[in-house]
Amino acid sequence: MATAATMNGQQAFAPVLSALATMSSNADRSQKGQAHQYLEQFQKSEEAWSATFAILHAPQSSDEAKLFAATTLKGKIVFDFHQLPRDSLAQLRDTLLALLTTYAKGPKPVRTQLAVCLANLAIQFLEWKDVLPTVIRTLGSDPASIKCALEFIHVLPEEVTEGRKINLAEDDLINRTRELLEENAAQVLQLLTQYAQSSPEAAKEGILMDCITSWIREVPLADIVASPLMEVVMGALQSDDSFDAAVETLCAIFKETRDVDENIETIKALYPRLAQLQPRIKACAEEEDWETFKGITRVFAEAGEAWVVLIAREAQQFRALVESVLECCLRDHEREALSQTFNFWYELKQYITLERYMEARLQFVDVYSKLVDVMIGHLEYPTPEAGGSETDLFEGDREAEDKFREFRHQMGDVLKDCCEVIGVTECLQKSYVLVEKWVGQYGPQAQEGKVPHWQKLEAPLFSMRAMGRMVPSDENIMLPRLIPLIVQIPDQEKVRFQAVMALGRYTEWTAQHPDTLQDQLNFIMAAFQHPSKEVVRAAALSLKFFCNDCAELLKDYMPQLQQFYEGVIDGLPPASQEEVTEGVASVLAKQPVEGLQQALKLCCDPVVQRLMGMAQQATEKDQKLAIADRLNLVTIFIQEVRPYIDPAKPPPGGHPAVAYCQEIFPILAAICERFVDFVPIAERICRCWRYMVLSYRVHAAPLLPLLADKLAAGFTASRQGCFLWATDSIVREFSPDVIQVVGQSTTEAIYTFYEQQATTFLRALNDLPPEELPDVIEDFFRLTTDVILYHPSKLLLSPLLPPILSAASTSLTLLKEEPLIATLHFLRDFLAYGSPDAPASSFDPDGQYRPRPNPPELQTSVLSQLTAPSSSPDTPSLGESLQQRCLTGMMFSFPADCFPDSSGVLLSLFQLLPQDSSHWIANTLHLLPPGSVAEQEKERLLRNLAQRVESGEVRKVRGLLQDFTNSYRRRNVAPREGLGRLEGGGLGFRVDFAGLGFELVWFGWFGLVERWRV
């Protein structure tokens, strides 16, 4: 086969090498794009079989070309195996074995890919029964090629485990797994032991460790631990060449012992070996061998995770393991290995805080107490070296600084675990002692305008902040001492930031201890004048928490709070403006209903007046964005200030907040009209209007006429989906369920309003292709899903239904996930009304599910829409169109998150029209590109579908279609391995429906790759 491959591949040989050379050259973007397209096409072509062998045999091929050829060959064996005649498989096997011998000395990546090729051939070549003996006989006898045999042994279990990507029947895959793995396990253990004992060098090679790791789940673990291989694994930890692989192997062994009751004897054999590694913790730290230290830490941490139940049961016996993990944390001066222990501390905490493991908790109190000290020590910012800058502790390395900040929050989670084990009071005391120590030692110097060693003050403040969530509001030992200390700390930027943030974490406690409120608020409000933007942002966030949790205490200070709000709001960044506004709104919400309208005016009028001034002058984009940000503040007040008022007993003059909304509505409408073509402003105003409805519900009825008018006008003028989004809130809140409150005429008017919006939407979709309106499509079908829920009889019998369904079918050509999901949700709800039971069924007071009968006229409407012939004889019915687009979408273009709903649509079609659906599936399969799927696979799918329909197991149709589309997509659509992504490109699909079917255009990273007329 090698000779034939060489001869037949010569024609494709040169263009492939040329394209690969272009990809690795300095050619321009368009040339690289063309080369990428050609190589992707080549990988899926039948010519690739011969061309890859030609490249692999040609001495002039570069290593890059050989790796590409080997990777392409792997893809062919995995995905295009059906293209080969069965009588050629033995020759393919022999050729691969010969190639492995040729590449025994490397390059290693090529050798690995060839081993993977052979493994995947072995899985599918069912007639090849003596797989392992053949490979060992061919490759294992020669010392030069023994690594090839080991490479095959290494990859075989991994490829078998991934066997579902291969188009093999389930029974065949199960049988083949047994033949290749279970029946060879003992022989593999013997082979690996012999190889390990053949020479000291062999035992230290990483490939041996890799083989052991991959076969751990196939060979009984007790046999491995009891064999000489265990000693080899421990010995490999002493060699730099095999250390990383040995760590992987040892950790894999630990993971297999997680069921401690079944593996107790194995654990007893492993534990003493693990103890032998403990001295290396100190040795690696002292030698500053941090890579080895990281591996040793991982070994101890993963052993602890695997045996955590046993540690909780037998705390004294396994204490040494826990102390070893603690020592790893203590000695990790570079903070590189620390994170590997976090999950262990969490898992152990989960067990020892249970009542049944109280004794273990007592055993480990001192360990967790030391862990608090260790974590607070690691929280410290670095100290600059002599001559270094106090303002740039990371010497300009922003990535290192961001990593450190994120890492601190992970350490904060460990401190929370410690709180649960040893109690928050003891943890807080450690923070207090450190703060007090600093004040006593460096406080006098700080009073002179300097803050020496501020890192040692900032770290315990951060720890206090991190533990805030764990501290109960009735803590009366440490916080009464800590809070007064914090509000007196010196003014250093990072210390002040941390102090302000820490106070914000204890606002629930402050609500129960009002005597400390004034000092804390003074401290936080003063921080608004700090020159550091970080401190100001911290102050805004903490003030929000104070107002949220202490609103009851602050409600009498509303005038002062309003003055403060008006004074600072313009100087804050947008996010902080929103936080402060949310806090003030929380206090405003506590005001008595009688004076609420006036209180709202007091707080909101300055914001609205500022908006009016900004709107009159805004011409630039930045000015318009500032208006959008300011609109958010009005919305926050409406979201937060929503006192309950009985709809049956409204106060004189109606709901006070609605009365204020009526005052500002003309201003918002005028701004919307002026900036209707500026999306951020239109969206913010629609959001504000939406919350007027959601917050005040039926009380917002006086707003509806004006609101409906402005939403309709805005949608007509802008065709922005936000106007439909706001419309949806009206449909939801003024559903027929509240008809007794608002009256029949209101609900009728709301449905008429929906029809007006739907008509505008359909006109827009008629004028523009769907890919130009993805957000509008999403919002429309979310709206229509609610309409079909609350007004099914009106919509399903409406003359608007056929064009809406046509729009839904057209929308399935999109590539964007959100509009697709919204459309699919609508279709599933629509199809649900084709069954005898209405989807909007309910539960009785006794908790029993009671299906509600679906009116026959609604069932008839759904079924007639699906089966009615189209206006053109060449165009399929709606049902066939939906089935075709859902199925091909799952095969070609739908994002993965759309699969559940698209398969749900297919299932509903089968449940309503099983025979028609089977016929439609067959029609779609016949339209697929030639050669993309084997005829026997099509026949098997259609046969299985027919069996499920005949046996009444229609629900199983969904799984069959999902499996088929997943398999098709992997083979024909997903990019094959071996080609990197070109920078600046993207992979996508355009679906253009035309004539009988549709055209699928597959875009590679720089342009068109394949075009199929379906």
Side-chain angles (χ1 to χ4, degrees), residues 690 693-694 697-698 700-701 704 708 711 721 723-759 761-762 776-805 807-809 811 818-844 849-863 865-866 878 882 900-902 904-905 907-909 911-912:
R690 182 173 182 267
V693 176
L694 296 180
R697 311 190 73 171
V698 294
L704 290 186
L711 289 174
F723 293 96
L724 298 176
W725 181 56
T727 301
D728 194 17
S729 65
I730 298 175
V731 171
R732 280 172 174 260
E733 296 301 331
F734 290 88
S735 68
D737 295 338
V738 296
I739 195 171
Q740 68 277 12
V741 179
V742 299
Q744 178 75 30
S745 60
T746 299
T747 57
E748 294 285 349
I750 288 170
Y751 180 76
T752 302
F753 173 41
Y754 161 76
E755 287 188 321
Q756 183 181 359
Q757 297 288 66
T759 302
F761 166 78
L762 293 169
V776 181
I777 288 172
E778 176 189 356
D779 289 319
F780 175 75
F781 282 109
R782 292 195 187 283
L783 166 63
T784 306
T785 298
D786 282 334
V787 171
I788 204 173
L789 172 65
Y790 296 117
H791 304 276
S793 297
K794 289 186 174 65
L795 182 61
L796 292 175
L797 301 177
S798 167
L800 282 176
L801 183 61
I804 288 174
L805 292 171
S809 180
S811 299
E818 293 80 5
L820 278 172
I821 288 179
T823 304
L824 291 167
H825 283 178
F826 161 71
L827 289 171
R828 294 189 70 177
D829 286 357
F830 163 73
L831 293 171
Y833 278 96
S835 63
D837 295 331
S841 300
S842 59
F843 289 89
D844 281 353
Y849 178 73
R850 295 286 185 259
R852 185 162 54 85
N854 190 24
E857 62 271 20
L858 300 189
Q859 296 180 56
T860 302
S861 173
V862 171
L863 295 175
Q865 293 291 340
L866 293 174
L878 172 70
L882 293 178
D901 288 309
S902 51
V905 170
L907 173 61
S908 296
L909 289 170
Q911 289 173 326
L912 296 176

Look only at the side chain of Ser735 and the backbone of Tyr790, and say whether a donor-acceptor pair between them is shorter than 3.5 Å. no
Quick one: does any side-chain atom of Thr752 pair with a main-chain N or O of Glu748 as donor and acceptor, under 3.5 Å? yes
Are Phe734 and Val693 side-chain neighbours, meaning at least one heavy-atom pair lies under 4.5 Å? yes
For Asp779 and Thr727: C-alpha separation, side-chain torsions, deciding distance, then whether side chain to side chain contact (heavy atoms under 4.5 Å, CB included) applies. CA-CA 10 Å; Asp779 289 319; Thr727 301; over 6 Å; no
Taking only residues at least two apart or on different chains, which pairs with a member in residues 780-791 satisfy salt bridge (charged side-chain N to carboxylate O under 4.0 Å, His left out)? Arg732-Asp786, Glu778-Arg782
List the steps, then state whether side chain to side chain contact (heavy atoms under 4.5 Å, CB included) holds for Leu866 with Leu831. CA-CA 9 Å; Leu866 293 174; Leu831 293 171; 3.7 Å; yes
With side chains defined as the heavy atoms from C-beta onward, is the minimum distance between Ile788 and Tyr833 less than 4.5 Å? yes
Separation between CG (Leu824) and CG (Asp829), nearest 0.5 Å, reads 11.0 Å
Closest heavy-atom pair, Leu711 versus Gln757, reported as atoms and distance to 0.1 Å, is O-NE2, 3.6 Å
Could you report the tightest heavy-atom contact between Val776 and Gly721, atom names first, then the distance? CG2-N, 3.6 Å
Parallel, tilted or perpendicular, as decided by the 30° and 60° cut-offs, for the rings of Phe781 and Phe826: tilted
Nearest non-hydrogen partners of Ser811 and Leu820, listed with the distance: O-CD2, 3.7 Å
Nearest heavy-atom approach of Ile777 to Pro819 is CG2-CB, 4.1 Å
Roughly how far apart are Leu800 CG and Leu805 CG, rounded to 0.5 Å? 10.5 Å
How long is the span from the NE2 atom in His791 to the OG1 atom in Thr747, to the nearest 0.5 Å? 6.5 Å
What pair of heavy atoms forms the shortest contact from Pro792 to Leu858, and how long is it? O-CD2, 4.3 Å
Indicate yes or no: at least one non-hydrogen side-chain atom of Ile804 is less than 4.5 angstrom from one of Phe830. no
Under the side chain to side chain contact (heavy atoms under 4.5 Å, CB included) rule, what do Val787 and Asp728 come out as? Steps first, then yes or no, please. CA-CA 8 Å; Val787 171; Asp728 194 17; over 6 Å; no
Under 4.0 Å between a Lys/Arg side-chain N and an Asp/Glu carboxylate O for Arg690 and Glu733? no
Under 3.5 Å side-chain donor-acceptor pair for Tyr754 and Thr784: yes
Intermediate values then yes/no, side chain to side chain contact (heavy atoms under 4.5 Å, CB included), Leu801 and Ser861: CA-CA 10 Å; Leu801 183 61; Ser861 173; 3.9 Å; yes
Pairwise distance OG(Ser798) to CD(Glu755) - rounded to 0.5 angstrom: 5.0 Å
CG of Leu795 to CG of Leu789: how many Å apart, nearest 0.5 Å? 11.5 Å
Between the side chain of Asn854 and the main-chain N/O of Ser835, is any donor-acceptor distance below 3.5 Å? yes
A side-chain contact here means heavy atoms from C-beta on lying under 4.5 Å apart; do Pro736 and Tyr751 qualify? no
With a 4.5 Å heavy-atom cut-off, do Leu882 and Leu827 have their side chains touching? yes
Where is the tightest heavy-atom contact between Asp901 and His825, given as atom of each residue plus distance? OD2-NE2, 3.0 Å
